[in-house]
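Computed from a prediction, not measured in an experiment: that's the story for all the values here.
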Amino acid sequence: MTENVVHLHKPTDPPTDDAAPTVLTVVPDAPPAPPVPLWVRSGRAVKSAVTHETTKTTVRAVARHSLYTFNGGRIVARRTWDGKTGARYERMIRTAEAAGNLEAAEEWEERLQRFRAARHHRRMDLLHSPVEAAKGIAVGTGVSIGVLVALGVVMAINNHDVTDVITPLRATIEFIALLIRIVQVVWGPALTIGPFLALLALWTVGSKQQAAPQWALPANVRSGEGEPITPSIVVKALRHLGLPALRNAIKDMDDAGAAMLSPIVIAGCGVEVDVTLPLEVSTIEVQNKRRKLAENLNRHEHEVFITIPPAARTVRLWIADSGALDEPIGPSPLVTDETLTANYKTGKAPWGQDLRGDAAELSVYQRHLLITGRSNQGKTASLRSIALWLALDKSVQFWVGDLKGIGDWKMFDGIADVLIEGPTDEHVIQVTEMAEDAVDEMNRRLEARRADPTATFPPLIVIVDEAQVAFMCPVKDEDGRPYGGSKATSRYFMAARKIHNQGRAVDVLLWQGTQDPTDQNLPKLVREGAHTRASLVVGTESQARMALGDKAVDDGAAPHLLRQGLDKGTLVVASDGIDMPKGQSSITVRTHFIDDDPADAIADRAKALRDGVTTLRVIERGEERDPLADIVAALGDKPRLLTGDVLKRLAALNEDAYGGWTNGDLKRVMEAEGEEPKKSHGRMVVHKDHVLRAIAHRDADGSASASN
């Protein structure tokens, strides 16, 4: 390529011989691109025209109005056929027989017989009608002519003109001739306009019924949001579900599929209907089409629930009103009713509402509890609301381990006998030792029950929130046993298993909250040991099976289809402690949310009922202990406690110092200061004023020795 070099000087400077020229290099333009072939331009133009929004709108409008007219004709033809024949009655008879309603079938059959008898009578009348009509016309014509002639005679006599005799008859003939001329004038245009009027009438019928495919309808009609659920809509949704066997079976049914449906009933913020499937279709096929079915019903996926009722080959559809599940359900009765109390054995916790809008209440009597779900979806709030209700039963004891440690359980300070808060390995160790202490308490109760079968014990609820932290803890003790894990050497795992195995017999229960369940952070044996299993939104179906079990998921439970962030506090629950429709193995509950301030108020009511509880918080290891001071701390506000309870509280206070203490150790420490446990009603107790007196005596002796 040849370059053109042009020498330029500044116009304001005079040119000199030694002036350096300014060089401007001019590069010729690149060669023009080859022209686009005509066939390519034509194809692009056609594609642009076809895909243009105006073109698509026009095509939809033409198809819509054409189908309105065509389907309107079908509707009119069907209505005419139903009116002229007994097809309507026969269809209703088949529907009633398919539904097993023999009384309704007999009633429709009787109506059909009456219709046929009336039709036969009309047809027989038609055989004689021509003769009768002819006679009627002859008689009527003769009478009419006679009347007109008589009227003419009267006019002739009155006017003295004989020609008036035929005047009325002549006027009548002229009027008839005028009518004939009018018909001759109008008949031609009527023949031309008549078909268009008929098409307009058919179009009107079709448009009122929206007799066109969804894609051809206007956008505002096509959305269908808020449209009430009717049998025809349900059958249409099933027919277009993408299951050829189901579509063909509905097509072959005489009643167009109506016999498949039970009556549609209002159920809370939606409706419910049972669908009996034909032999060619299984329930799992319909369950797997949940999203498509929801879209066919003009609903979102989370607004349609498919469960399996007791009847064979039947699916139960619960269809929410559009947007209803996004509305809050209102405050908890714990917040609104300050007189509400709890009863561990006979009461039920007011947990929330089911999809029908009915109160969902949970019995916790002798039931281990597991709540799982993704982070920040309401797991702690759901677990804490049950505990707050049960705290209103003053006989229930709580040991709480919060491995999140951000204050979600702080209101249980003064309710729980033990409260551990924190996410570190040290806190896991403390929670594990708390669970092992619960196992020891369980064993003590079992021994007492064997000695006295009538013995009863106060309920002990061991709560571990964020339990996955304990299962995933890698720390080992001095003997090499891991605190976490899922092996027989794992301390937390084995403590949970032991409580699950025998705890409910003596009312020692384990409640756990954990994040997304896996075999690593929630071992199979532990999750299957819970009597009440509940799941918020989880990531996959396999996690839903881990959370709730295979049966619940196979029967329609689908926490993995809940919406993260939008369905906070919505739980799928599998438990015999909650009322659910007969035959179902799970129920969806929208739980009440109790914020921190209302939770503190409920906790204050529980503390007032309990008359003061000193909550023990585990103290770091390695400190030098003062046994008498620790005994006072263990007694708390109680004037006296059983020696066994004192030992238990001391062990919770510091396992290293007091974990191996017996009644003899307690007696030895107090006798050293001139005091000892005394009997009350035949049982050994420790009096707080005796311990304080021992401390005062010891301090006085210490001061005297120092002065000497």
Calculate, to the nearest 0.5 Å, the distance between atoms [atom1] and [atom2] belonging to [X] and [Y] respectively.
X: I463; Y: I420; atom1: CD1; atom2: CD1; result: 12.5 Å
X: I578; Y: L362; atom1: CD1; atom2: CG; result: 5.5 Å
X: D417; Y: F412; atom1: CG; atom2: CZ; result: 12.0 Å
X: H500; Y: L370; atom1: NE2; atom2: CG; result: 7.5 Å
X: S585; Y: D576; atom1: OG; atom2: CG; result: 12.0 Å
X: M494; Y: S486; atom1: CE; atom2: OG; result: 11.5 Å

Going by an N to O cut-off under 4.0 Å, is there a salt bridge joining [X] and [Y]?
X: E441; Y: R444; value: yes
X: D600; Y: R605; value: no
X: D554; Y: R545; value: yes
X: K410; Y: E421; value: no
X: R563; Y: E301; value: no
X: R640; Y: D645; value: no
X: R445; Y: D507; value: no
X: D408; Y: K404; value: yes

Shortest non-hydrogen contact from L635 toward V686
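Shortest heavy-atom separation between L635 and V686 comes out as CD2-O, 3.8 Å.
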
For the side chain of [X] and the backbone of [Y], is there at least one donor-acceptor N/O pair under 3.5 Å apart?
X: T432; Y: R491; answer: no
X: S363; Y: G577; answer: no
X: R533; Y: M546; answer: yes
X: S385; Y: S382; answer: yes
X: K607; Y: D413; answer: yes
X: N501; Y: R497; answer: yes
X: D567; Y: T570; answer: no
X: R610; Y: A391; answer: yes
X: D477; Y: G480; answer: yes
X: N521; Y: D516; answer: yes

Do E433 and I429 pass the side chain to side chain contact (heavy atoms under 4.5 Å, CB included) test, and can you show the C-alpha distance, the side-chain angles, and the key distance before you say yes or no?
CA-CA 6 Å; E433 292 173 347; I429 293 172; 3.7 Å; yes

Do [X] and [Y] have side-chain N/O donor and acceptor atoms under 3.5 Å apart?
X: Q515; Y: R374; value: no
X: D630; Y: Y658; value: yes
X: Q543; Y: E541; value: no

Pi-cation contact, F305 with R290 (under 6.0 Å, within 45°)
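Pair R290/F305 counts as cation-pi.
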
Side chains of [X] and [Y]: does their closest heavy-atom pair fall under 4.5 Å?
X: K476; Y: Y483; answer: no
X: M580; Y: D354; answer: no
X: T489; Y: P482; answer: yes
X: W351; Y: L571; answer: yes
X: R527; Y: D519; answer: yes
X: I371; Y: L536; answer: yes
X: L509; Y: L369; answer: no
X: Q287; Y: I308; answer: yes

Between R649 and L641, does a side chain to side chain contact (heavy atoms under 4.5 Å, CB included) hold up when you go through it step by step?
CA-CA 10 Å; R649 293 189 173 202; L641 276 177; 4.1 Å; yes

Please identify which of these residues, V469, V526, V464, meets the side chain to side chain contact (heavy atoms under 4.5 Å, CB included) condition with Y492.
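That would be V464; it is the only one of V469, V526, V464 passing the side chain to side chain contact (heavy atoms under 4.5 Å, CB included) with Y492.
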
Using the rule given for side chain to side chain contact (heavy atoms under 4.5 Å, CB included), can you reason through I461 versus W511, listing the C-alpha separation, both sets of side-chain angles and the distance that settles it, and then say yes or no?
CA-CA 7 Å; I461 309 299; W511 294 1; 3.5 Å; yes

Give a yes or no on this: more than 12 heavy atoms of other residues, nucleotides or ligands lie within 6.0 Å of atom [atom1] of [X].
X: K394; atom1: NZ; result: no
X: R450; atom1: CZ; result: yes
X: K345; atom1: NZ; result: no

Whether H531 and H368 hold their rings parallel, tilted or perpendicular, with breakpoints at 30° and 60°:
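The rings of H531 and H368 lie parallel, inter-plane angle below 30°.
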
Would K551 and D555 satisfy salt bridge (charged side-chain N to carboxylate O under 4.0 Å, His left out), going step by step from the backbone distance to the final call?
CA-CA 6 Å; K551 177 174 175 52; D555 288 349; 3.1 Å; yes

Pair R384-W409, side chain to side chain contact (heavy atoms under 4.5 Å, CB included): steps then yes or no:
CA-CA 8 Å; R384 189 178 70 182; W409 294 87; 3.9 Å; yes

